[in-house]
Amino acid sequence: MSFPLLTATAALPALGAVATAAVPARQRTAAKWLALLVTLATLALAIVVLVRFDPDGARYQLTESHSWIRDFGVRYELGVDGIAVALVGLTALLMPFIVLAGWHDADPLETGSRRWRPTQGFFALILAVEAMVIISFEATDIFVFYIFFEAMLIPMYFLIGGFGDRAHSQGEEAASTQRSYAAVKFLLYNLAGGLIMLAAVIGLYVVAGSFSLQEIVQARADGSLTMATSTERWLFLGFFFAFAVKAPLWPLHTWLPNAMQESTAPVAVLITAVVDKVGTFAMLRFCLQLFPEASKWATPVILVLALISIVYGALLAVGQRDIKRLVAYASISHFGFIVMGIFAMTTQGQSGATLYMVNHGISTAALMLVAGFLISRRGSRLIADYGGVQKVAPVLAGTFLIGGLATLSLPGLAPFVSEFLVLVGTFSRYPVIGIVATVGIVLAALYTLVLYQRTMTGPVKPEVSAMPDLRVREVLVVAPLIVLLVLLGVYPKPLTSIVDPAVKQTMSDVQQKDPKPAVEAAK
């Protein structure tokens with residue numbers, strides 16, 4: 001029996017969460033180091049998964065299958081394709097930086113109230129989320145996926161509601177109320193999506209007699225399983241609704257700005273760079289593979305919703321006064337590009353969407369974490385409270401600029417490649433949608449550069465005149481992310497070579513081919 005590598009990759013942070021929570025109350029530093037070591041060990045296992053994965057091999061590799069709930073046909077089945085490998089790698093990569101960035105976020109409160117923030121609980125919850133996200137990317141049994149898709153809401157609820165941002169101008173009581181509101185809103189939106197998906201999961205089992213993704217897809221391919229058109233469409237909508245909430249896609253997005261605004265910067269990164277990727281990933285893995293005809297039927301409406309997300313999110317980002325809300329609305333716009341690439345039904349679009357998931361995770365992490373360092377120094381999230389920071393903290397300002405330029409997809413940085421592929425893939429089949437989506441690029445340049453101008457340039461405000469530059473720990477958080485943005489921007493081939501075969505297989509599942517060029521190349 002081979003070593004269960006995929007199980008180990010998810011089990012290690014789960015066990016680490018238990019161990020971190022069990023560290024004695026006064027040993028806060030030990031809990032932090034334990035959490036960091038667990039994330040680094042998980043990253044090492046993810047690298048082993050990446051090395052052992054063969055892009056030209058079987059579709060699902062490193063598979064594990066064990067009987068679980070025999071009476072209901074539920075099996076503990078794991079397997080990764082190129083898309084899943086990329087996202088498992090992204091998750092494992094970001095977690096050490098999230099832990100390092102949040103090193104002091106759960107330290108004792110300095111209010112004189114003698115209340116303590118449970119440091120061990122904070123890092124244990126982060127590790128629990130990592131475990132659940134990783135196994136969600138690995139699960140090929142639909143029931144197993146659903147369990148962890150929903151279970152991750154519990155630790156996220158406590159991270160948002162119990163460990164909010166300290167930079168709040170309305171006092172501790174008002175801040176607690178706002179955090180509770182954001183956490184409950186996050187939970188209710190995602191629970192509603194999950195309950196609708198549960199009905200669809202049960203319906204799929206009634207129709208197919210199995211929860212195994214591979215068995216259902218194979219049965220549909222060889223004709224032994226057929227679905228009535230109306231049945232397939234209803235089931236598709238049940239799955240898609242849950243994933244659109246998680247993504248988040250307009251108009252199901254409204255929980256995200258509140259959640260990111262009230263969270264600490266590392267938790268905000270955990271939400272938008274890690275957890276939300278489960279939604280867009282699941283659209284590729286489950287919606288398109290299980291319901292190919294319904295996916296094509298719903299494509300025009302989904303593309304319109306994605307286009308609205310792109311333009312609407314970017315417009316609202318332009319008008320934000322809160323740094324974190326600006327990044328949240330920018331992320332809504334970026335998720336619109338990802339969904340648009342998925343449902344453009346072209347290899348360029350879907351490859352670009354997968355790359356976008358990875359590159360957006362890295363770029364948003366870089367921007368939000370630097371923003372968190374900035375906010376912790378000034379004690380305010382309001383853009384108007386800053387000015388002239390680049391004169392007193394040039395390293396902080398420089399890294400903030402690079403993170404912002406990556407967000408607007410500057411050529412030479414990683415997000416440019418993915419955004420370009422999404423637009424090319426969309427334009428080749430839906431030219432009007434592709435053209436209108438470019439408005440999002442223009443608006444991204446506007447909100448990013450205006451944010452930098454108002455916070456970093458101009459006269460030095462007295463409140464920031466003594467602001468320290470990035471410390472060694474903070475540089476260790478940001479520098480590797482910037483290096484990755486540059487490397488993947490100038491040489492994305494290592495990532496595309498892993499992703500492209502899986503995308504081609506997904507295109508085959510939905511029986512779609514790339515449209516022929518309108519003008520043939522000259523011979």
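Model, not experiment: these values are computed from the prediction. Index from 1, following the sequence.
- If you look at Y76 and W68, their ring centroids are not closer than 6.0 Å.
- Distance check, rounded to the nearest 0.5 Å: CE of M283 to CD1 of I342 gives 6.0 Å.
- To the nearest 0.5 Å, atoms CG (L326) and CE (M368) are separated by 9.0 Å.
- Put simply, the side chain of K277 gets close to the backbone of T272: a donor and an acceptor are under 3.5 Å apart.
- Here the CZ atom belonging to F123 is positioned 9.5 Å from the CD atom belonging to Q120, to the nearest 0.5 angstrom.
- Note on residues 294-319: pairs passing salt bridge (Lys or Arg N to Asp or Glu O under 4.0 Å), not counting sequence neighbours, are E293-K296.
- In plain terms, the two heavy atoms of P248 and L256 that are nearest each other are CG-CD2, 3.7 Å.
- Between I142 and I216, the closest side-chain pair of non-hydrogen atoms falls below 4.5 Å.
- Side-chain contact check for E150 versus N190: every heavy-atom pair is 4.5 Å or farther apart.
- Side-chain atoms of T426 never come within 3.5 Å of backbone atoms of G341 as a donor-acceptor pair (strictly under, hydrogens ignored).
- Screening residues 233-242 for side chain to side chain donor-acceptor pair (under 3.5 Å), with sequence neighbours left out, gives no hits.
- In terms of heavy-atom proximity, A200 sits nearest to L235 at O-CD2, 3.4 Å.
- Between the side chain of E130 and the backbone N or O of I126 there is no donor-acceptor pair closer than 3.5 Å.
- Formation of a donor-acceptor pair under 3.5 Å by the R377 side chain with backbone atoms of F373 is found in this model.
- Remark: the Y447 side chain and the T407 side chain contain no N/O donor-acceptor pair separated by less than 3.5 Å.
- Under the 30°/60° scheme for interplanar angles, the aromatic rings of H360 and Y356 are found to be tilted.
- A distance below 6.0 Å separates the ring centres of F291 and F239.
- Between the side chains of Y189 and T254, at least one donor N or O sits under 3.5 Å from an acceptor N or O.
- Counting heavy atoms from C-beta on, the side chains of I160 and I271 come closer than 4.5 Å.
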message: Could you go through Y386 and R454, starting from their C-alpha distance and side-chain angles, then the distance that decides it, and tell me whether this counts as side chain to side chain contact (heavy atoms under 4.5 Å, CB included)?
response: CA-CA 7 Å; Y386 296 87; R454 292 179 178 176; over 6 Å; no
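- In this structure, K246 is positioned above the aromatic face of F149, its NZ or CZ under 6.0 Å from the six-membered ring centre and within 45° of the axis.
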task: Might you work through the side chain to side chain contact (heavy atoms under 4.5 Å, CB included) test for T354 and L284, ending with a clear yes or no?
output: CA-CA 9 Å; T354 305; L284 274 168; 3.7 Å; yes
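- D81 has its side chain out of reach of V85: every pair of non-hydrogen atoms, C-beta onward, lies at least 4.5 Å apart.
- Heavy atoms from other residues, nucleotides or ligands lying under 6.0 Å from CZ of R473 number more than 12.
- Proximity of a side-chain donor or acceptor of E262 to a complementary backbone N or O of A259 within less than 3.5 Å is not detected.
- In this structure, H253 has its ring center closer than 6.0 angstrom to the ring center of Y312.
- A distance of 9.0 Å separates OG of S295 from CZ of F240, quoted to the nearest 0.5 Å.
- Between V339 and L305, every side-chain heavy-atom pair lies at or beyond the 4.5 Å cut-off.
- Using modelled atom types, one side-chain atom of T39 and one backbone atom of L36 make a donor-acceptor pair closer than 3.5 Å.
- S363 places none of its side-chain heavy atoms less than 4.5 Å from the side chain of L413.
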message: Would R378 and K461 count as a side chain to side chain contact (heavy atoms under 4.5 Å, CB included) here? Give the steps.
response: CA-CA 11 Å; R378 174 66 176 84; K461 290 198 172 184; over 6 Å; no
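- Scanning all heavy atoms of the two residues, the minimum distance from A10 to A131 falls at O-CB, 3.3 Å.
- Across all non-hydrogen atoms, the minimal contact from F335 to T280 is CD2-CG2, 3.9 Å.
- Taking the six-membered ring where tryptophan is involved, the planes of F281 and F286 are perpendicular, since the angle between them exceeds 60° and thus also 30°.
- Side-chain contact between H334 and I338 is absent, with no heavy-atom pair separated by less than 4.5 Å.
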- request: Tell me, with the steps shown, if I83 and Q350 meet side chain to side chain contact (heavy atoms under 4.5 Å, CB included).
  value: CA-CA 10 Å; I83 298 170; Q350 291 185 0; over 6 Å; no
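- A distance of 9.0 Å separates CG of D141 from CD1 of I69, quoted to the nearest 0.5 Å.
- K324 and M260 make their closest contact through CD-O, 3.4 Å (heavy atoms, listed as atom of the first residue, atom of the second, distance).
- S333 places a side-chain N or O within donor-acceptor distance of the main-chain N or O of I310, the cut-off being under 3.5 Å.
- Taking both residues in full, the closest heavy atoms of L443 and A314 are given as CB-CB, 3.6 Å, listed atom of the first, atom of the second, then distance.
- Under a cut-off of 6.0 angstrom, the local environment of OH in Y205 is crowded, with over 12 non-hydrogen atoms contributed by other residues, nucleotides or ligands.
- Between P292 and E232 there is a side-chain heavy-atom pair separated by less than 4.5 Å.
- Put simply, OG on S380 and CG on D322 are 8.0 Å apart, with the number rounded to the nearest 0.5 Å.
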